[in-house]
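Scroll down for the structure; my scribbles are underneath it.
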Amino acid sequence: MLAIACIKQVPDTTQVQIDPVTNTLIRDGIPFIINPYDAHALEESLRLKDSHGFKAVALSMGPPNAEATLRKAIALGVDRAVLLSDRVFGGADTLSTSNVLSAAIKKLSESDEIGIVFCGKQTIDGDTAQVGPGIAVRLGFSQLTLVDRILAIDTEAKTIRVRRKLEGRYEIVEARLPAMITVVRELNRPRYPTVPMRLRSVNGELEVWGNSELKLDTATVGLKGSPTCVSRIFSPERTKGEILGDGMGDPIGAAHLLLDRLIGGDLLAV
Amino acid sequence: MQIVFPVILTLSLIFFAFSCYRRLSLVTMGTWTGRMDRPFQRIADTLVYAIGQKRVMKRVFGLNHVVIFWAFLVLVLANGEFLVQKMVPSLSFANLPGPLYLLLLFSFDICSLAALVAVGVAALRRAVSPPFEEARTVEAYFILSMIAVLMVAYFVMHGAEIALGSQPAGLYAPVSLMTAKILLSAGMGTHLATVAAFAWWIHAVALLSFMNFLPYSKHMHILTAIPNVFFRSIEKPNTQPREEFVPYGVFGADSVEKLSWKDLLDSFSCTECGRCQDSCPGVATGKALNPRLLVHSIKMNLLAANSRTGTAGSLIGTGEERVKEEALWNCTSCGACMEACPVFIEHLPKVVKMRRHLVEMEAKFPEELLNLFENMEQRSNPWGMAPSERSKWSANLDVMPFEQGQAEYLLFVGCAGAFDARSKQVTVALTKVLDAAGVSYGVLGKEEKCCGESVRRLGNEYLFEKMALESVQQFQSKGVQKVITQCPHCFNTLKNDFRQYGLELQVVHHSELIDDLMKQGKLKPVQSTGEERVVVHDSCYLGRHNGVFDAPREVIRQATGAAPVEFGRKGENAFCCGAGGGRMWLEEHEGTPINVNRVKEAVATNASTVCVSCPFCMTMFEDGLKAIDGTTVRVKDIAEVVAEAI
Ligand code: SF4
Ligand code: SF4
């Protein structure tokens, strides 16, 4: 049974700045990382490999340089790593991304039964949280979002029980396998690769599938299959707040200024 | 007797040789490391440190050891003669020219007395105030009494000969002469021949048993300590060897076979003097770490290993033969143990090798380190800050980017100096000082990368290698030759670690540079009124690991008009702040905090200011002082002390 982790290579957004003139992300020289939530998805698939004998697969759609992220997954111990890369997949929004990922999962199911598909709850560059549910719907899998704990898996009866972390409450739910699970960070602590694994991952087998393998209608993938259009990206202007005094040079003076302002404005709760 | 003794002697010698072979051949289980460079320096060092006992003498009771050691050296001659003379009577010192023989006789007598007194003192000390609690072992007392028996038997044997009149030169052996008088006055006159023969046998048996017991006891050091000093690391062990990252390689050490032969010889050379543990901050604050036991565990593991099949059990774990994982993470890499060890055992390289195994082979480490490693790899700084923030400290300053030919020095700001709020103030103070002295320097700004020091000491050599290669390449392409650092960790890595990557930089720590600038008259501090009592804290990586002790003191003297106040534990014996060896990034769950231990010592000196020259020490002192109620003691970096005086 497969435990598939869908992972995305994203720019390290803490380092991304927005070009004030063109309103686009300045990506030059910005290192790529694995989407942090996806790292937890990947970890969970590896844990199921260790605990329940699942076969762990890392699946990623992206440009050829996304190979680096999949190599990392190989270093961490996945059994298969598949990169979905094709010019026609480029410029995809969440809808066409779900189409491609679903097709790849379907293809994987030709040789192995699918158990669980893990996705991060969202990516840090798009923040939509739509791709995971998109896959579930397309493949007709049980959809379990925001999972922070897996309570039980029964591979015989093909059921799973998880805890979902919702705002202000938890929800324990049971579902049938195959299931699509989006994970939150509390689910696990990602492992660190050992050096022998890292060294081996350099030459580890990595499968690259394009549309000639997936055979999707090109109108449903990439830019063409993406109804979303981004009209503008900008950093919100700071409308409130100011910097008081000189905290570096005169911290005591700055603290006095702050206190005066707080007391003067009657802003301190007593 | 003519037949019995030669047989016993031959058997003893064979058994002794066999024991030595069996034990010492275990050392060959280790990996190869070359320790024959600079042979003349090695001989000279051996004369100073092994024969001259220079380090042994650094502690009061060391003198006692010096007496026993030198007496032993002289008595080796006496005992050699003792063993052969019975069989080949012509091989006797008595056949030497008269004055020489008398001199020998006199020295043997006096040395035996000295040794007897010294073992008495040693036994008393062990009973009253042992170096450490577990030092009161049966073995220790047994060895001491063996030596005492040897000496007493020597006196009785020679005393009886003198009383018999068969030793005409009795006057030259005053102690034996006195023993003769005692024997006579005790009414032994008629049994003197028997007494002499009896004493002879006691001496012979004691000597041969002592010899054969040696290889099985901590007194093995009698045989291995001198070679151990000879093969010591001549350079201070302030760097770590590189590893070769080939597929299917093994990295680090989790068994004695993966340690070097010198690591294994170290374990046989430990005298169990306990000096390393007395200086270790881990031991002082109740952690699992104990450098003496670390070495002991390696020895026990080695003894348990089967040298013929070449299999050794795991070295990391629990029990006497293994080093606890926590203990490995407790080490601050301060180097105090190595500085204290009289026989130059190198503890730190062993700790790092075992950490490497945990990190590189098992990916097993305290959980805090996961973020650290990721941050270092992704963003090249320990906090995971965006690299673009690196130059924020200089937002309001006019600092030049480094350009070859434009600036003499590269000011390597370091991660703390660039990101840590408190240390940023130090960086600003330092630029003020450099500008005042007209130093030509530039910075790398956002392009600067972490030097990787913590990562290397934490055993993540793979990541360090990646970081080091990047930095070295960057330095080379920018043509950097001279570097100023304000962090002793950067200092050590740029200076000593990067050398392994073919980059020889002239690295100065800011305290050295400021000292120089003052000496050249380029910086003329306006000395304050001297109200400030400044106590100086030696950073491990500046002081012990790199030998810079005087510069910070001289700078403080110039800047404040008064010599700094000193800690009790200072200079090469300074106590660590607790942040080295990557401990800066680890929680301190066990025992008491190391920094509080040091901060209390600082407060007790009645100083008003603690002067540090390291951003990690700065953090540890700032945090530690918060734990002391009502203290007004402040921490300043040496650059701040100077900046205030110009
Ligand atoms: S280096 Fe320091 S902390 Fe580590 S064992 Fe030696 S004395 Fe203890
Ligand atoms: S390692 Fe060195 S300092 Fe420590 S007990 Fe052994 S001989 Fe003494």
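Lettering follows sequence order; numbering is per chain, from 1.
Only the backbone of B/Val246 has a heavy atom closer than 4.5 Å to any heavy atom of chain A. In this structure, chain A has a heavy atom under 4.5 Å from the side chain of B/Phe251, while its backbone stays farther away. When heavy atoms are compared at a cutoff of 4.5 Å, B/Glu377 approaches chain A solely by way of its side chain, counted from C-beta outward. Contact of B/Asn396 with chain A is not made at all, since no heavy-atom distance falls under 4.5 Å.
Most heavy-atom pairs under 4.5 Å with chain B: of the set A/Pro193, A/Pro190, A/Pro196, A/Gly247, this distinction falls to A/Pro196.
The closest donor-acceptor contact from the side chain of A/Arg149 to the backbone of A/Leu187 lies at 3.5 Å or more, if one exists at all. Between the side chain of B/Thr631 and the main chain of B/Val633, a donor-acceptor pair closer than 3.5 Å is present.
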Let me have the donor-acceptor pairs involving side chains of residues 468-476 of chain B, under 3.5 Å, with sequence neighbours excluded, atom names and distances please.
unit_1	atom_1	unit_2	atom_2	d
B/Gln474	NE2	B/Glu447	O	2.8

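Judged purely by distance below 3.5 Å, without hydrogens or angles, the side chains of B/Asp254 and B/Ser314 never pair a donor atom with an acceptor atom. When only modelled atom types and interatomic distance are considered, A/Gln122 and A/Thr128 share no side-chain donor-acceptor pair under 3.5 Å. There is no side-chain donor-acceptor pair under 3.5 Å between B/Ser608 and B/Glu532.
When the heavy atoms of residues 358-371 of chain B are compared with those of chain A, the residues falling under 4.5 Å are B/Glu360, B/Met361, B/Glu362, B/Ala363, B/Phe365, B/Glu367, B/Leu370, listed by number.
With sequence neighbours left out, A/Leu146 forms a side chain to side chain contact (heavy atoms under 4.5 Å, CB included) with A/Lys121, A/Leu166, A/Val184. Evaluation of the side chain to side chain contact (heavy atoms under 4.5 Å, CB included) rule for A/Ala56 yields A/Ser45, A/Leu46, A/Lys49, A/Val78, A/Asp79 as partners, not counting sequence neighbours.
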